[in-house]
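Input: a single structure, listed below in structure tokens.
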2 protein chains.
Amino acid sequence: MNELTPIEAYCAPQLARAQKRSRRQVAKSLPLDTIIEGDCIAAMARMPDKSVDMIFADPPYNLQLGGDLLRPEGSKVDACDDEWDRFESFAQYDDFTRDWLTEARRILKDDGSIWVIGSYHNIYRVGSLLQDMGYWLLNDIVWRKTNPMPNFRGTRFTNAHETMLWCSKSEKSKYTFNYRAMKALNDDLQMRSDWSLPICSGGERLKNDEGEKVHPTQKPEGLLYRVLLASTKPGDVVLDPFFGTGTTGAVAKRLRRRWIGIEREEEYIAAARERIEMTLPLDESNMVTMAEKRSAPRVAFGLLVESGLVPAGTVLMDAKRRWKAVVGLDGSVKCGEHQGSIHQVGKLVQGAPSCNGWTFWQVEEKGELKPLDIWRQRHLGGL
Amino acid sequence: MNELTPIEAYCAPQLARAQKRSRRQVAKSLPLDTIIEGDCIAAMARMPDKSVDMIFADPPYNLQLGGDLLRPEGSKVDACDDEWDRFESFAQYDDFTRDWLTEARRILKDDGSIWVIGSYHNIYRVGSLLQDMGYWLLNDIVWRKTNPMPNFRGTRFTNAHETMLWCSKSEKSKYTFNYRAMKALNDDLQMRSDWSLPICSGGERLKNDEGEKVHPTQKPEGLLYRVLLASTKPGDVVLDPFFGTGTTGAVAKRLRRRWIGIEREEEYIAAARERIEMTLPLDESNMVTMAEKRSAPRVAFGLLVESGLVPAGTVLMDAKRRWKAVVGLDGSVKCGEHQGSIHQVGKLVQGAPSCNGWTFWQVEEKGELKPLDIWRQRHLGGL
DNA sequence: GACGAAAGTGAATCTTCGC
DNA sequence: AGCGAAGATTCACTTTCGT
């Protein structure tokens, strides 16, 4: 039998209600881990408000370079070359974009986030509309292709990147960003806004029986791996309204996220189903990532004094032994005329705007100075 | 007698012809090689139709900054909070942008081109408006900063790039693109749409008598060097409507292009005048400052995990099988209570001052232990 | 003067919780 | 809602200072 902490006991009744409510609302209307066949605007319209944690969208890039521009209802726009018609095309692309982003916004949770990938043909339309609609741009991420197609005619720079826009639903959203995991993935340096990754080719690229590629713009799994690891938690619901051959679904399944795909083309759907069927989720024991310190429970310094881990009378010093402070019975510390919390006193003696007492103050152990934070870790480990 | 570099040799025949043509046509109406003091919209309004060959614009970014930002050690970030970067809304910023782009379009020659640089705060507004107005997007160029400011709070990806949009006046324009010069500049490989360059600092960064930077956002000359070399011919007229401290003018003079700058702030104008005065044209100038850093992105261990080459869950051992560690989703590894990068954990388990995880950790393959470095080599080979 | 340690800095939409 | 306190957080350079 499990012991409940006071906080857990307090929350338990609400938790049960919320889970039941959540299951009731969502289970019947959210088709988890499946592909919905049809137009994404219509399909999203059938989904409940604020029900998905993250959206990854790879919409048609559109426009003048031979790619078809499709109206929301699916008919094809005739390509025209004169200026008036070009304006018409942009306007129609904008309408289409506004429509699907509106549904996406409605079904996205308030603390959810959205990614949209595109090239220079469409990404400036998308970015501008995202901002107009109240989405809050967090980063624009450059996917730097290590092996792009050259510009055969030598008329421009080799178009060697695509752009992803990452937005929270609003400025105040508490979006998910797994900072430590991203830092770990990049050899202990902050992950930057430019990512170098090869395009999808070789064994990863889906081919049909004739050896032709099934989808013209299949994205590499490495890209989605990073996107999902950065901005979702295990179990989160990820929606891809332009599912194609299901890269988002395959990586989501591998990383134990839930996924929903929407796709119109039967051929893509069939390929995606087979692909995801064959994908295995990672073993739960291998789902380890660097934990965010922010989500660890707070520990009051007084608790360590109370438990005897850092007894009253212990002498604290900063790393350079410029200041010494003594721990009081109540977890306050005293340094000369300053008295207060470890943070307060650290701040005052330095004359700094703020101070994290856990890392500022050190205790001598076997002749070595070690930050107080070590004792906090021991305390957390002992719980 | 001077030896000509390949780039100079390429440009030489055009030089004489272009300079002669340029002097004849333009000299009487355009204030060449000077700075116009005042608002750029009003100043452009006084210039004749179709009179400049290229426009480089570094408009306000509309950063929308909040309060102060402190570094971890407590010092304050010197933010770009100048009055000229404050706009009330996206709509107001769009109006401003549309207004200056309209004048720019009028005075640009039909076969001319325009560059606009920005960050995610403004570039999607600018790109969308450029397209709406009939400009034809040729490339979006990513300036990948080799030494960006970190994200001090760990809240997002490090914002490590800015974007330049390069447009011709219309789809049918015969714009200038010096393909071979760009290829020569890039070790005989096609120049890509992503450029790695350091930010402007050191001796190149203009300081006032108090040692403060004169302009908050001075661009590196290396950036303008590429822009001008790619899209103008010697003798061409280059306009910079947001001249600042005159990087465009300095590089234009060095590359023997004609230039016009428009700037409102007297302090910037004075600094720009002095700077350009001191700049020498091509032959005599010291080309060393143009050296570009072509820092090849290092291989992070996380990349091997992401790509599936060393999947999460893989067991690592040291050569004598004293320690075992397991690879996590984010490329962190875990060995007992230690978790972190391959280097960190290798260091901790040995109690050593440092450790090269690539050679310390081994993976068993066909009964044999092989150092991780082998997988790094395989990855590099596969790129 | 040479060398190493320490301080300074760059277009930045940069926290969260409880009262 | 606004406030105060707790607590989390940096990379690649250049310049300055001390020995």
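Because the structure is predicted, anything quoted here is derived from the model rather than measured.
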Which string of ( ) [ ] | and . matches DNA chain C, if you list each base 5' to 3' and count Watson-Crick or G-U pairs only when both distances are under 3.5 Å? .|||||||||....|||||

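Within the nucleic acid shown, A:Leu137 comes within 4.0 Å of at least one base atom, counting heavy atoms only. Using a 4.0 Å heavy-atom distance criterion, A:Arg180 is classed as a sugar-phosphate-only contact. A:Trp136 comes within 4.0 angstrom of a base, heavy atoms only. Among the protein residues, B:Pro59 comes within range of the nucleic acid bases, having at least one heavy atom under 4.0 Å from a base atom. Contact annotation for B:Ser119: no contact, since no heavy-atom pair falls under 4.0 Å across all strands. Residue-level contact check: B:Thr158 touches neither bases nor backbone, having no heavy atom under 4.0 Å from any strand. In this structure, B:Asp58 reaches the bases: a heavy-atom distance under 4.0 Å links it to at least one base atom across the strands shown. Here A:Gly346 lies out of heavy-atom contact (under 4.0 Å) with every strand. Using a 4.0 Å heavy-atom distance criterion, B:Glu162 is classed as a base contact.
Distance noted for atom C1' between D:dT10 and C:dA7: 14 Å (whole Å). Here, D:dA8 and C:dG18 have their P atoms 14 Å apart, quoted to the whole Å. Rounded to the nearest Å, the gap between the C1' atom of C:dT13 and that of D:dC13 is 25 Å. Separation of the P atoms belonging to C:dC14 and D:dA12 is 23 Å when rounded to the nearest angstrom. Spacing of C1' atoms, C:dG1 relative to D:dC17, comes out at 14 Å, to the nearest Å. With both ends at atom P, the span from D:dT15 to C:dA11 equals 15 Å, rounded to whole Å.
Once rounded to the nearest 0.5 Å, the distance linking CH2 of A:Trp358 with CD of A:Gln377 reads 9.5 Å.
The side chain of A:Arg376 lies closest to D:dA8, out of C:dA11, D:dA6, D:dA8. Closest approach to the B:Ser201 side chain among C:dA11, C:dA12, D:dT14 is made by D:dT14 (side chain taken as heavy atoms from C-beta onward). Comparing D:dA12, C:dA11, D:dT9 against the side chain of B:Asn147 picks out D:dA12 as the nearest. Here the side chain of B:Phe90 is nearest to one of C:dT13, C:dA12, D:dA8, namely C:dT13. Closest to the side chain of B:His121, out of C:dA12, C:dC14, C:dG10, is C:dA12. Considering only the side chain of B:Arg153, C:dT15 comes nearest among D:dA6, C:dT15, D:dG7. Counting only heavy atoms from C-beta on, B:Arg71 has its side chain closest to C:dT9 among D:dT9, C:dT13, C:dT9.
No N or O donor and acceptor, one from the side chain of B:Asn159 and one from the base of C:dA12, sit under 3.5 Å apart. Side chain B:Lys219 to base C:dA11: a donor-acceptor pair is found below 3.5 Å. At a cut-off of 3.5 angstrom, counting only N and O atoms as typed in the model, there is no donor on one side facing an acceptor on the other between the side-chain of A:Arg298 and the base of C:dG18. The base of C:dT15 is not paired with the side chain of A:Arg294 by any donor and acceptor separated by under 3.5 Å.
The pair B:Lys219-B:Glu204 does not meet the salt-bridge criterion, since no charged nitrogen lies less than 4.0 angstrom from a carboxylate oxygen.
For the pair B:Asp85 and A:Tyr175, both in contact range of DNA chain C, the more 5′-proximal nearest nucleotide belongs to B:Asp85.
Proximity of A:Lys183 to the phosphate of D:dT10: a side-chain N or O atom is located under 4.0 Å from OP1 or OP2. In this structure, B:Tyr120 reaches the C:dT13 phosphate: one of its side-chain N or O atoms is under 4.0 Å from OP1 or OP2.
Under the 6.0 Å distance and 45° angle rule, B:Arg125 counts as a cation-pi partner of B:Phe90.
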